[in-house]
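Numbers for residues simply follow the sequence, beginning at 1.
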Amino acid sequence: MNDRLIEIANLASKCQCGNNHNSIPIEEIVIEKGALEQSINFLQKKGFQHAVLVVDEHTFKAAGEKLSNLLKKAAIHHTVCLVDPDENGDVAADEKVIVQALLGMPREADVLLSVGAGTLHDVTRFCSEKTEKPFISIPTAPSVDGFTSMGAPLIIRGFKKTFQTQAPIAVFADIDVLVSAPPEMVAAGFGDMIAKFTSLADWKFGALMADEPYCELVESMTKEALEKCIVNKDNIARRNETGITALIEALIVSGLAMLVFGQSHPASGGEHHLSHYWEMEFLRERRPQVLHGAKVGVSTPLLAQLYKEEMQAILLDPSQVKDAFMRKRIKDNQQEIKAILNKIPESAYFEKLIEKTGGESSTTELGIHDSLVTDSMLEAHKLRDRFTMLRFLNEELEYN
């Protein structure tokens, strides 16, 4: 993976898309058995004196305990920062958990190790930025694509907001740990990847219709990651080493694409906005949370159907678009928009993929009631300043 990392950095430095690409601060990515042991070698090579392991009860058992023992054996001082769940047993990336993490980081600490999945990485990433201490990613499940990105989606005062912070300086993904991850977390990671079908469509649409920043290199990286998952869907469903390796590699490349671009456009579109809306409502109702990838896994076929039906109708009759400028954009880019829609599979395709990997394929299975789905379809586009097809359908038509 290190060769791929160097290749991406070189391509980004030569990219002529016109956007300012971020340099990649990640020095090493190891995806193999025994990666935990290699993380110790990296710490010694860097000369770190005191590490902080940010864990919860489950991730400590999955990898934190072994990592702690390895640190002891290597005579590297360390602190285990164990964050507590809420009343539902969930660890949320909110103010309470952030404060817990900060309080568990002694002044003498010089590196943070995020041992967990998406939530703990978001918390650690934010704390890393605020304390000016570098952090290392130790994934315990192939569940999200945020391991290598800069974005930290946090719940602040009940509202989901993404902060651009910083990427890890290294990633050590131990296949022995990842193949033992709960099946629902593997399915969630796969769900986060198939969401790229609609996020990429939204991104290209926003570039055509609203001149949002776009980059073909970053698009190709995201497509590469998506295709890797589709090709390996059977092995991912079996949760064997080949499948889990393919999935974590895809998630990491998707995160690198966001890191290079500096924003989450390639990996997060309307389907993520629906997921964020549902998450915020669950928090308001004090209900147990649903895995992020599970939510986007069911929001993607919802938008696939909506986009293919509604946007095709608009292409046939652009007169229903209120604004003359937008109407002209639709007409001028008709073939390009049609091509975007044709690349989105039918909703049934997504549902079969999710079912194959053992995930829930409907909002009902996730406990998301119909009225919440309806409300989110009308309101979720307001959560982010992105010109998605969901936003277009809600704001630019005569009947709205």
Side-chain angles (χ1 to χ4, degrees), residues 1 4-5 8-9 11-12 15 19-29 31 54 93 98 112-130 134-155 160-173 188-189 191-196 199-200 202-203 213-215 217-226 228-229 247-269 271-273 275-276 291-293 296 383-384 386:
M1 194 69 189
R4 183 71 178 111
L5 184 64
I8 290 170
L11 289 171
C15 184
N19 297 295
N20 292 321
H21 291 324
N22 291 312
S23 59
I24 300 176
I26 303 172
E27 301 173 29
E28 195 166 340
I29 298 179
I31 304 173
V54 183
I98 291 169
L112 313 179
L113 277 65
S114 180
V115 185
T119 298
L120 286 181
H121 272 71
D122 293 333
V123 171
T124 308
R125 181 179 288 109
F126 182 81
C127 293
S128 172
E129 173 79 5
K130 293 301 180 185
F135 89 97
I136 295 171
S137 166
I138 312 286
T140 56
S143 54
V144 293
D145 66 354
F147 297 117
T148 49
S149 70
M150 293 194 308
L154 305 174
I155 299 291
K160 189 89 171 187
K161 182 178 180 181
T162 298
F163 295 81
Q164 292 301 318
T165 58
Q166 60 191 33
I169 60 170
V171 181
F172 295 92
D192 205 13
M193 285 309 306
I194 66 169
K196 307 324 172 204
S199 64
L200 286 170
D202 271 332
W203 189 26
Y214 198 77
C215 175
L217 168 62
V218 173
E219 177 194 36
S220 68
M221 289 172 60
T222 308
K223 284 183 176 178
E224 169 200 325
L226 172 57
K228 180 183 280 285
C229 284
L247 179 56
I248 190 64
E249 286 180 350
L251 292 165
I252 283 174
V253 169
S254 178
L256 288 172
M258 288 188 279
L259 171 59
V260 167
F261 191 62
Q263 299 184 68
S264 62
H265 289 72
S268 175
E271 76 294 322
H272 274 65
H273 303 162
S275 171
H276 294 332
L291 289 170
H292 167 75
V296 296
L383 294 179
R384 297 288 185 273
R386 300 279 176 82

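A donor-acceptor pair under 3.5 Å is formed between the side chain of W203 and the backbone N or O of P213. Proximity of a side-chain donor or acceptor of R125 to a complementary backbone N or O of F163 within less than 3.5 Å is not detected. No donor-acceptor pair under 3.5 Å is formed between the side chain of T140 and the backbone N or O of V115.
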Test I26 against L259 for side chain to side chain contact (heavy atoms under 4.5 Å, CB included), laying out the working first. CA-CA 10 Å; I26 303 172; L259 171 59; 4.1 Å; yes
Stepwise side chain to side chain contact (heavy atoms under 4.5 Å, CB included) check, R384 with H276: CA-CA 10 Å; R384 297 288 185 273; H276 294 332; 3.5 Å; yes
Evaluation steps, side chain to side chain contact (heavy atoms under 4.5 Å, CB included), between V144 and L251: CA-CA 6 Å; V144 293; L251 292 165; 5.7 Å; no
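Listed here is the closest heavy atom pair of A167 and T148: CB-O, 3.8 Å. Nearest approach of P153 to G151, heavy atoms of both residues: CD-O, 3.6 Å.
Residues passing the side-chain contact (heavy atoms from CB on, under 4.5 Å) test with A267 are D145, K196, S254, M258, sequence neighbours excluded. The ring pair (Phe, Tyr, Trp, His ring centres under 6.0 Å) search around F172 returns F42, not counting sequence neighbours. For E129, the salt bridge (charged side-chain N to carboxylate O under 4.0 Å, His left out) criterion is met by no residue, not counting sequence neighbours. For S143, there are no side chain to side chain donor-acceptor pair (under 3.5 Å) partners, not counting sequence neighbours. Taking T165 as the reference, nothing meets the side chain to side chain donor-acceptor pair (under 3.5 Å) condition, with sequence neighbours excluded. Under the rule for a ring pair (Phe, Tyr, Trp, His ring centres under 6.0 Å), H273 has no partner lying at least two apart in sequence or in another chain. Taking the side chain to side chain donor-acceptor pair (under 3.5 Å) definition, one finds that R386 meets it with S264, H265, sequence neighbours left out. With sequence neighbours excluded, the residues forming a side-chain contact (heavy atoms from CB on, under 4.5 Å) with V260 are I8, A12, H21, I24, V218, listed by chain and number. Among residues two or more places apart in sequence or in another chain, the ring pair (Phe, Tyr, Trp, His ring centres under 6.0 Å) test is passed with H121 by F147. By the side chain to side chain donor-acceptor pair (under 3.5 Å) test, Q166 pairs with S128, sequence neighbours left out.
Once rounded to the nearest 0.5 Å, the distance linking CG of D122 with OG1 of T162 reads 8.0 Å. Remark: H292 NE2 to D192 CG distance equals 4.0 Å, nearest 0.5 Å. Rounding to the nearest 0.5 Å places CG of N22 at 11.5 Å from CG of L256. In this structure, the separation between CG on L200 and OG1 on T222 is 5.5 Å, given to the nearest 0.5 Å. Annotation: the span from E28 atom CD to M1 atom CE amounts to 12.5 Å, rounded to 0.5 Å. The CD1 atom of I138 sits 5.0 Å away from atom CG of L113, with the distance rounded to the nearest 0.5 Å.
Judged as a salt bridge (Lys or Arg N to Asp or Glu O under 4.0 Å), the pairs with a partner in residues 160-169 (not counting sequence neighbours) are, in order, K160-E279.
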